[in-house]
2 protein chains.
Amino acid sequence: MESEFAATLKGLNMKVTPKRLAILEILSKESIYLSPEEVWQLMKERFKSIGLPTVYRNLEDLSNGGAITKVIHPDRKLYYFCCRNQEHHHHFVCVFCRRVEDISYCGNKEIVNEVSTTLKGKVLSHVLQVYGICNSCINENES
Amino acid sequence: MESEFAATLKGLNMKVTPKRLAILEILSKESIYLSPEEVWQLMKERFKSIGLPTVYRNLEDLSNGGAITKVIHPDRKLYYFCCRNQEHHHHFVCVFCRRVEDISYCGNKEIVNEVSTTLKGKVLSHVLQVYGICNSCINENES
DNA sequence: CCATAAATAGAAATCATTTTCATTTAATAA
DNA sequence: TTATTAAATGAAAATGATTTCTATTTATGG
């Protein structure tokens with residue numbers, strides 16, 4: 001039988017390659033977001049030959065396909081996170097440990113209402129991301 | 001008497017220089033967000049000698065001081081917008097003409113509530129930005 | 001007007017990300 | 001299974017936005 005990740009790739013019309021499976025496995029194992037460089041380092045433990053562009057390309061493609069998510073970071077670099085939740089939702093990101101957690105809150109209805117009423121505009125999409133300190137980091141740092 | 005922009009700079013403990021005044025004037029005159037490169041092009045119409053790094057530095061400093069705002073863009077490049085509204089608020093960005101408009105809606109209360117209740121975490125900040133089609137662009141494109 | 005720290009220009013460096021292209025591989029049909 | 005072919009990959013090189021460096025200029029306070 002095929003793995004969950006193979007099914008994911010097929011669903012995106014992407015060929016099932018060992019590299020892609022590994023990227024998905026690596027990301028889904030992490031509770032924190034990773035940079036392409038970091039994914040590459042982890043890939044190097046598994047493959048004798050693995051190019052950084054391959055990692056960049058696949059992260060981009062997987063992200064476009066919705067299998068993984070980009071994290072919005074103040075440094076404007078690329079970071080990815082794999083989250084099982086397929087519903088529309090947003091993320092709480094810990095600024096200390098980079099843990100990503102889902103938040104279900106989304107003001108879409110209110111936003112659409114304000115934009116259409118006040119600005120007479122049409123909403124196409126929105127980004128919402130919350131930065132803070134996760135529970136683990138709060139507990140670790142209390143005196 | 002000193003200009004509003006001079007006052008802004010002094011408030012940020014930044015020396016009042018012609019370049020900085022021009023950057024503020026250029027940005028505040030636009031209803032759309034600009035890239036550093038674009039600001040530079042406009043600066044070159046006013047100064048015989050103006051370096052791109054100066055534009056980058058000042059946009060960064062003005063942004064850190066809160067005099068201007070960074071726009072979150074999918075291409076992850078830097079874009080700035082000058083908005084008079086000093087209250088905490090978010091922006092509606094037109095994907096066609098790059099116009100930026102304020103939206104007052106902000107789910108901060110609900111977000112803080114969910115994060116503290118469900119995740120037992122602490123919210124430090126959040127970004128919310130709405131993409132869509134502004135009223136002018138809707139009207140221009142209707143058949 | 002002077003002194004001095006800050007700001008600037010210009011050139012160069014940085015470095016994350018992307019492109020190129022030759023080679024390999026997964027998917028599909030025979 | 002094997003042949004076919006489009007897609008995926010590696011390695012090297014390119015790209016280009018952004019930052020750094022350093023000598024010079026300038027704004028500001030006295």
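Lettering of chains follows the sequences in order, A, B, ..., and the numbering in each one begins at 1.
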How long is the line joining [atom1] of [X] and [atom2] of [N], in whole Å?
X     : N      : atom1 : atom2 : result
A:K44 : D:dT9  : NZ    : P     : 17 Å
A:Y80 : C:dA16 : OH    : C1'   : 12 Å
B:K77 : C:dT17 : NZ    : C1'   : 11 Å
A:R20 : C:dA26 : CZ    : P     : 11 Å
A:L9  : D:dA8  : CG    : P     : 10 Å
B:W40 : C:dT8  : CH2   : P     : 16 Å
A:I50 : D:dA11 : CD1   : P     : 9 Å
A:E38 : C:dA16 : CD    : P     : 11 Å

If you measure from [atom1] on [X] to [atom2] on [Y], what distance do you get to the nearest 0.5 Å?
X      : Y      : atom1 : atom2 : result
B:L52  : B:W40  : CG    : CH2   : 5.0 Å
A:I23  : A:N58  : CD1   : CG    : 4.5 Å
B:N135 : A:S116 : CG    : OG    : 11.0 Å

Give a yes/no on whether any side-chain N or O of [X] is located under 4.0 angstrom from OP1 or OP2 of [N].
X     : N      : answer
A:S49 : D:dT9  : no
A:K19 : D:dG10 : yes
A:R76 : D:dT18 : yes

pair A:C83-A:H89: side-chain heavy atoms closer than 4.5 Å: yes
Any B:L9 side-chain heavy atom under 4.5 Å of B:L24 side chain: yes
Residues in contact with DNA chain C, drawn from residues 54-61 of chain A - heavy-atom cutoff 4.0 Å: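 When residues 54-61 of chain A is checked for heavy atoms under 4.0 Å from DNA chain C, the hits, listed by number, are A:Y56, A:R57.
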5' priority, DNA chain C, between A:E37 and B:F47 [closest heavy atom]: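 It is B:F47 whose nearest nucleotide is closer to the 5' end.
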Among C:dA11, D:dT18, C:dT17, the one nearest B:P36 by side-chain distance: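 Selected nucleotide: D:dT18.
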The helix from C:dC1-D:dG30 to C:dA30-D:dT1: angle between end helix axes, five pairs per end, rounded to 10 degrees: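 Between the axes fitted at each end of the helix from C:dC1-D:dG30 to C:dA30-D:dT1 lies an angle of 50°.
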Those residues that, when tested against B:N113, pass side-chain contact (heavy atoms from CB on, under 4.5 Å) (two or more places apart): B:T117
side-chain contact (heavy atoms from CB on, under 4.5 Å) partners for A:R57, two or more places apart: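 A:P53, A:T54.
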N/O to N/O distances under 3.5 Å, protein versus nucleotides 27-30 of chain D:
residue, atom, partner, partner atom, Å
D:dA27, O3', B:V16, O, 3.4
D:dT28, OP1, B:V16, N, 2.8

Flag for A:H73-A:Y33: side-chain donor and acceptor within less than 3.5 Å: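 Yes - a donor-acceptor pair under 3.5 Å links their side chains.
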Hydrophobic cluster membership, A:V39 vs A:V100, 4.5 Å side-chain cutoff: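 Different clusters.
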Pairs meeting criterion ring pair (Phe, Tyr, Trp, His ring centres under 6.0 Å) with involvement of residues 111-131 of chain A, two or more places apart: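 For residues 111-131 of chain A: A:H88-A:H126, A:H90-A:H126.
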Which atom of B:C97 lies closest to which atom of B:C134, heavy atoms considered: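 In terms of heavy atoms, the two residues are closest at SG-SG, 3.7 Å.
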Heavy atoms of other groups near B:K70 NZ, more than 12 under 6.0 Å: yes
